Peer 1: 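The structure is given below, and queries will be raised subsequently.
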Protein chains: 2
Amino acid sequence: MSKQEVGPLGHVAVDDCCPGLLAAPLGEEQAVELARVFKALGDPVRLRLLSMIASREGGEICVCDLTPAFDLSQPTISHHLKQLRQAGLIDCERRGTWVYYWLLPEATDRLAGLLTRPGRPLPAETSA
Amino acid sequence: MSKQEVGPLGHVAVDDCCPGLLAAPLGEEQAVELARVFKALGDPVRLRLLSMIASREGGEICVCDLTPAFDLSQPTISHHLKQLRQAGLIDCERRGTWVYYWLLPEATDRLAGLLTRPGRPLPAETSA
DNA sequence: CCTCTATGTTGACGAACTTCGATACAGGAC
DNA sequence: GTCCTGTATCGAAGTTCGTCAACATAGAGG
């Protein structure tokens, strides 16, 4: 389960090529790969799932703690989790009866980097 | 900068409430608003459009320079530009015959901030 | 073995999305 | 005024997406 494709982000990563979305025009292929990740974030349910997973203290959360937070069927939640995983944003592991999910921070770090303007050192946190 | 009609992002902005996507579970309403913006980024054409607009030297670009870069009809490009505008990512102005688009950097800055982990000062650019 | 619970997969349906051609609108040139 | 060009809007066709019920699978425990 943890041997899934780690995600399209690898092809658009900062270390691969680019100074970010905002500094130079994106290539067609890079745009396709990146769009897959943003599309995964383009749903309220997936956004909340990702947020719940990422903000968990221990770094991981059981599906059994995610599902009851939504007014959706269990297969639907499973479907959204799969999309987040295929986008390379999260990963999971089965431990006995339960399956645990966790964030892949490299993914969100790269997205944040791609959205950061060249001249800007930080997006937020600066003046805090 | 905090009192603009900056689009849906205003409701999820860093200065409005949150420590980001990754530090605390997102509310249902915030997730809906944020998902609108990410959905706008979830298409390769729009991603390239945004990138072309953002990376332009003068800060703005004419539609007549955007359309020929794609194998798509002019109405389709216009449609995608409208979605980016409704997401609060870009804005435009007609000057004579032509219409010019530019990036709204607050939007991308906020997205980058939301995707930045609490402990992390910067997503990239640090060691540059 | 069987049964129970937790999770993932399949197939189907309606809604939303992307794209196009046709058309409408805005402004410049005549 | 008319004509031409650049851009937006409209309506429709084809595709993708979100959701569910039904079923399949994995592991625990008898």
Side-chain angles (χ1 to χ4, degrees), chain A residues 1-5 8 28 31-50 52-53 56 60-87 89-102, chain B residues 8 26 28 31-50 52-53 56 60-87 89-102:
Chain A
M1 212 172 268
S2 47
K3 194 52 203 313
Q4 292 271 338
E5 61 270 56
E28 200 167 335
V32 170
E33 304 290 346
L34 234 199
R36 270 198 260 273
V37 185
F38 280 122
K39 195 180 297 178
L41 295 174
D43 180 277
V45 175
R46 288 194 291 269
L47 229 32
R48 289 180 59 202
L49 282 170
L50 186 75
M52 291 176 71
I53 294 171
R56 250 305 163 96
E60 56 184 30
I61 186 170
C62 175
V63 174
C64 60
D65 290 330
L66 291 170
T67 307
F70 298 84
D71 276 340
L72 292 170
S73 69
Q74 173 268 320
T76 298
I77 300 297
S78 187
H79 166 73
H80 285 305
L81 288 170
K82 184 180 186 178
Q83 298 210 199
L84 286 172
R85 191 155 44 84
Q86 288 181 332
L89 289 162
I90 60 176
D91 202 359
C92 66
E93 183 188 22
R94 164 162 236 133
R95 283 206 282 280
T97 308
W98 297 277
V99 176
Y100 293 86
Y101 281 80
W102 58 85
Chain B
L26 217 51
E28 201 168 335
V32 171
E33 305 287 346
L34 235 199
R36 270 199 261 272
V37 185
F38 280 122
K39 194 181 298 179
L41 295 175
D43 179 277
V45 176
R46 287 195 291 270
L47 229 32
R48 289 181 60 202
L49 283 170
L50 186 76
M52 292 176 69
I53 295 170
R56 250 305 162 95
E60 57 185 28
I61 186 170
C62 175
V63 175
C64 59
D65 290 330
L66 291 170
T67 307
F70 299 83
D71 276 340
L72 293 170
S73 69
Q74 173 268 319
T76 298
I77 299 297
S78 187
H79 167 73
H80 285 304
L81 287 170
K82 184 179 185 178
Q83 298 210 195
L84 286 172
R85 192 155 43 85
Q86 288 180 333
L89 289 162
I90 60 176
D91 202 358
C92 66
E93 183 188 22
R94 164 164 237 130
R95 283 206 282 281
T97 308
W98 297 277
V99 177
Y100 293 86
Y101 280 81
W102 58 86

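Chain letters run A, B, ... following the sequence lines, proteins first, then strands; residues in each count from 1. Computed over heavy atoms, backbone and side chain alike; hydrogens, waters and symmetry mates excluded. Just so we're clear, the structure is a prediction, and the values are computed from it rather than from any experiment.
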Peer 1: Can you name the nearest heavy-atom pair linking A:W98 to A:C64, along with the distance?
Peer 2: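 For A:W98 and A:C64, the tightest heavy-atom pair comes out as CD1-SG, 3.7 Å.
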Peer 1: Counting the atoms with a prime plus P, OP1 and OP2 as sugar-phosphate, which does B:H79 contact under 4.0 Å by heavy atoms, base, sugar-phosphate, or nothing?
Peer 2: base
Peer 1: If I take atom CD in residue B:Q83 and atom P in nucleotide D:dA8, what distance separates them, rounded to the nearest angstrom?
Peer 2: 13 Å
Peer 1: Can you tell me how far apart CG (A:L81) and CZ (A:R85) are? Round to the nearest 0.5 Å.
Peer 2: 8.5 Å
Peer 1: Within 45° of the six-membered ring axis of B:Y100 and under 6.0 Å from that ring's centre, is NZ or CZ of B:R94 located there?
Peer 2: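 Not satisfied by the 6.0 Å and 45° rule.
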Peer 1: Think B:Q74 has a side-chain N or O under 4.0 angstrom from the OP1 or OP2 of C:dC20?
Peer 2: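 No, no such contact exists.
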Peer 1: How many Å lie between CZ on B:F70 and P on C:dT18, as a whole number?
Peer 2: 14 Å
Peer 1: Please report, rounded to the nearest Å, how far the P atom of D:dG27 is from the CH2 atom of A:W98.
Peer 2: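 Taking CH2 of A:W98 and P of D:dG27, I get 13 Å after rounding.
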Peer 1: With the side chain of B:R94 defined as its heavy atoms from C-beta on, choose the nearest nucleotide among C:dA26, C:dG8, C:dT19.
Peer 2: C:dA26
Peer 1: Nearest whole angstrom, please: distance from the P of D:dG18 to the CG of A:L41.
Peer 2: 12 Å
Peer 1: For B:I77, report the nucleic acid contact type (base, sugar-phosphate, nothing); a contact means any heavy atom under 4.0 Å.
Peer 2: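 No contact.
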Peer 1: D:dC20, D:dA8, C:dT7: which one has an atom nearest the side-chain heavy atoms of A:P75?
Peer 2: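 In terms of side-chain proximity for A:P75, the closest of D:dC20, D:dA8, C:dT7 is D:dC20.
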Peer 1: Select base, sugar-phosphate, or nothing to describe what B:R85 touches, counting heavy atoms under 4.0 Å on all strands.
Peer 2: nothing
Peer 1: If you compare every side-chain N and O of B:K82 against the phosphate oxygens of D:dA8 (OP1, OP2), does one of them come in below 4.0 Å?
Peer 2: no
Peer 1: Considering only D:dT19, C:dT7, C:dT5, which nucleotide approaches the side chain of A:V99 most closely?
Peer 2: C:dT7
Peer 1: Which distance, rounded to the nearest 0.5 Å, do you find between the NE2 of B:H79 and the CG of B:L84?
Peer 2: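 Nearest 0.5 Å value for the NE2-CG distance: 10.0 Å.
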Peer 1: On DNA chain D, nearest-nucleotide positions of A:K39 versus B:L81: which is more 5'?
Peer 2: B:L81
Peer 1: Indicate whether OP1 or OP2 belonging to D:dG18 is found under 4.0 Å from a side-chain N or O atom of A:R46.
Peer 2: yes
Peer 1: Are the side chain of B:R46 and the backbone N or O of B:A40 linked by a donor-acceptor pair below 3.5 Å?
Peer 2: yes
Peer 1: Ignoring the backbone of A:T76, work out which of C:dC20, C:dC17, D:dC20 is nearest its side chain.
Peer 2: D:dC20
Peer 1: Please report the distance, rounded to the nearest Å, between CG in B:D43 and C1' in D:dT16.
Peer 2: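 Result: 12 Å.
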Peer 1: Nearest to the side chain of B:Y101, heavy atoms from C-beta on, is which of D:dA8, C:dG8, C:dG28?
Peer 2: D:dA8
Peer 1: Hey, does the side chain of B:H80 come within less than 4.0 Å of C:dT19's phosphate (OP1/OP2), counting only N and O?
Peer 2: yes
Peer 1: Can you tell me how far C1' of C:dA16 sits from CZ of B:F38, to the nearest Å?
Peer 2: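 Roughly 20 Å, once rounded to whole Å.
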Peer 1: What is the separation between atom CZ on B:R95 and atom C1' on C:dG28, rounded to the nearest whole Å?
Peer 2: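 Interatomic distance, CZ of B:R95 to C1' of C:dG28: 16 Å.
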Peer 1: Does a side-chain N or O from A:S78 land closer than 4.0 Å to OP1 or OP2 of C:dG8, or not?
Peer 2: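 So the side-chain polar atoms of A:S78 do come within 4.0 Å of the phosphate oxygens OP1 or OP2 of C:dG8, strictly under.
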Peer 1: CG of A:L66 versus P of C:dA6: gap in Å, rounded?
Peer 2: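 So the CG-P distance, A:L66 to C:dA6, works out to 14 Å.
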Peer 1: Tell me whether the OP1 or OP2 atom of C:dC20 has a side-chain N or O from B:S73 closer than 4.0 Å.
Peer 2: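 For B:S73, the contact criterion (side-chain N or O under 4.0 Å from OP1 or OP2 of C:dC20) is met.
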Peer 1: Contact class for B:Y100 (heavy atom, under 4.0 Å): base, sugar-phosphate, or nothing?
Peer 2: nothing
Peer 1: Find the distance between OG1 (B:T67) and CG (B:L49) and round it off to the nearest 0.5 Å.
Peer 2: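 Nearest 0.5 Å value for the OG1-CG distance: 8.5 Å.
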